Number of protein chains: 2
Amino acid sequence: MAEGPNISRVAALIGDPARASILVALMRGQALTVSELATEAGVGLPTASSHLAQLQAGGLVAPRKEGRHKYFRLASEGAAGVIEALMGFAGDLPAPKRAPGPRDPALRRARVCYNHLAGEMGVRLYDSLIARGHLVTGTEGMTLSPGGWDFASDFGITSGSFAGLRPPLCRECLDWSARRSHLGGRLGRAFLGAIEAKGWARRLAGTRIIAFTPEGERAFARAFP
Amino acid sequence: MAEGPNISRVAALIGDPARASILVALMRGQALTVSELATEAGVGLPTASSHLAQLQAGGLVAPRKEGRHKYFRLASEGAAGVIEALMGFAGDLPAPKRAPGPRDPALRRARVCYNHLAGEMGVRLYDSLIARGHLVTGTEGMTLSPGGWDFASDFGITSGSFAGLRPPLCRECLDWSARRSHLGGRLGRAFLGAIEAKGWARRLAGTRIIAFTPEGERAFARAFP
DNA sequence: ATCATGCTTCGTTTATGATCGAACCATGGC
DNA sequence: GCCATGGTTCGATCATAAACGAAGCATGAT
């Protein structure tokens, strides 16, 4: 039965090198996918999956499904506090603090995530829609407000292009570089399509970079203040 | 090489149930012997010894040799802080706080420890000698001050009774019930002998209890205010 | 000196759990 | 419908380390 104080259960979880690497990586505050955490810990994907299940059962991390990815973050302030106390004692104090996400500035600025706009521009679009009340969170997740529908129409998005389709219209999507949300789902795809249709930007072949033209960038800034 | 953040080394130490029990026991603030900690953790003496060596190497506990016993305590505030953070998170918060030492009040009050006086009376004797400057800590450990020699003579302790003998004259000895020091070593033995010679107290056969007579207790209180 | 006690060291056994490959499920893009 | 990708589950392998008995040291009592 391996009795002992509860404290040992928690400590044993953190005591495995792979799990500790995962937790330290999550101390940056960002939510990370299972694959990213597997790389971070230097183990295979199945192993990471198993570790994350244990950490979740122990109340140290919490999952969040996002499309076909599964993001994990630290479960609570308390959990972060425990890790921090340990790092302080162990002398790991200068928290790794690596720059999150891709190194390439162009990728950080604007890139395609599945099929919608991500990166700084994506966050900006999302924030702008929220700030102006075009995007609201209802009981069934995110939806466009009436004003939002108007705005989308004006932007060149026809409601017919995705009427009646099951998959979620809007979806929050955790950003990769900033720990911010941006707009995913079918609506996010439509916005990216409209932006391309307007000639503001185009996808660079073979990469995930979305290159804005100088005028496109100015127009974008006007459209999403 | 089993790399990983330092944090996992520390956590792995705490992660073993036996070691966690030891650390929780030490959270009371008291220093405990290897045997006591072995009982506390529910493991054999060799196992406890091994665990303590690891905890010491990890900087979590610190040893203190005292005669043929070896007392361990938490190594630092930082170490205690880590345990406390873990206990808070794990819900062990109401720290066990069992009453330390023997349950028998008579044993807590006055008992023989090896061959000197321990328990509350022992602590009182020690404190009194320190407070009046009879006992001072020098480079070579504790010694009697000149005034202390006079006091001892008046008490019926002849310097001849232990002149020229190698073993330490005075020695701090960690108390068992309070986490206080009391006077051990050759001098502690001499004091107990003098107290018995004066008829203030006597050892109860078959036990470790030292029974003071009512007058003896009053005289003791006058002699060691 | 001898004995007893507290602790350490050594060597062996044993069990727990980390790891990965392979197969399986779910989601998204086409 | 198909394929590709991210994740999970299962099973087998393998290493680490916890535990204890026995023997060795050291200290203190007598």
Side-chain angles (χ1 to χ4, degrees), chain A residues 1-4 8-9 12-13 15-22 32-39 41-56 63-72 112-116 165-168 171 173 184-186 188-189 192-193 203 208, chain B residues 1-4 8-9 12-13 15-22 32-39 41-57 63-72 112-116 165-168 171 173 184-186 188-189 192-193 208:
Chain A
M1 200 160 359
E3 264 320 303
S8 78
R9 290 221 161 257
L13 282 176
D16 177 81
R19 285 192 295 262
S21 298
I22 287 175
L32 297 171
T33 66
V34 178
S35 324
E36 287 168 334
L37 289 168
T39 307
V43 298
L45 207 151
T47 309
S49 182
S50 158
H51 283 316
L52 285 165
Q54 294 177 63
L55 288 173
Q56 181 181 349
R64 171 173 180 173
K65 289 259 304 261
E66 203 70 66
R68 58 181 153 180
H69 295 276
K70 193 166 176 185
Y71 285 86
F72 279 91
V112 60
C113 168
Y114 298 126
N115 46 10
H116 58 263
L165 291 172
R166 215 52 17 155
R171 162 180 285 162
C173 186
R186 202 157 284 274
R189 198 182 313 176
L192 178 55
R203 296 153 81 136
R208 302 179 55 199
Chain B
M1 206 178 336
E3 263 321 302
S8 78
R9 289 226 162 247
L13 283 176
D16 178 81
R19 284 193 295 263
S21 298
I22 287 175
L32 297 171
T33 67
V34 179
S35 324
E36 288 168 333
L37 289 168
T39 307
V43 297
L45 207 151
T47 308
S49 181
S50 159
H51 282 317
L52 285 165
Q54 294 177 61
L55 289 173
Q56 181 181 349
R64 172 171 179 175
K65 287 257 304 258
E66 203 71 65
R68 57 182 156 179
H69 296 276
K70 193 166 175 184
Y71 285 86
F72 279 91
V112 59
C113 169
Y114 298 125
N115 47 9
H116 58 263
L165 289 173
R166 215 53 16 153
R171 162 179 285 162
C173 186
R186 203 158 283 275
R189 197 182 314 176
L192 179 55
R208 303 179 55 198

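Nothing here was measured: the structure is a model prediction, and the numbers come from that model. Letters A, B, ... mirror the listed sequences (proteins, then strands); counts begin at 1.
- We find that CZ of B/F72 is positioned 11 Å from C1' of C/dT8, with the value rounded to whole Å.
- We find that CD1 of A/I22 is positioned 14 Å from C1' of D/dG7, with the value rounded to whole Å.
- The distance between atom CG of A/L13 and atom P of C/dA18, rounded to the nearest whole Å, is 9 Å.
- Side-chain N or O atoms of A/R19 include one that pairs as donor or acceptor with a backbone N or O of A/A12 at under 3.5 Å.
- The main-chain N or O of B/P17 is found under 3.5 Å from a side-chain atom of B/S21 such that the two form a donor-acceptor pair.
- For the contact set between residues 44-57 of chain B and DNA chain D, defined by any heavy atom under 4.0 Å, the members are B/G44, B/P46, B/T47, B/H51, B/Q54.
- Nucleotide D/dA17 holds its C1' atom 9 Å from the CG atom of B/D16, rounded to whole Å.
- A/E36 contributes atom CD, which lies 12.5 Å from atom CZ of A/F72 (distance to the nearest 0.5 angstrom).
- Considering all non-hydrogen atoms of both residues, B/P63 and B/K70 come closest at CB-CE, 3.7 Å.
- Checking D/dC20, C/dT19, C/dT27 against the side-chain heavy atoms of A/R68 singles out C/dT27 as nearest.
- What separates CG of B/L37 from C1' of C/dT8 is a distance of 15 Å, to the nearest Å.
- The closest donor-acceptor contact from the side chain of B/S50 to the backbone of B/P46 lies at 3.5 Å or more, if one exists at all.
- Partner B/I22 forms a side chain to side chain contact (heavy atoms under 4.5 Å, CB included) with one of B/V34, B/L55, B/V43 and no other, that one being B/L55.
- For the OP1/OP2 pair of C/dA26 and a distance below 4.0 Å, the side-chain nitrogens and oxygens of A/K70 include no atom meeting the criterion.
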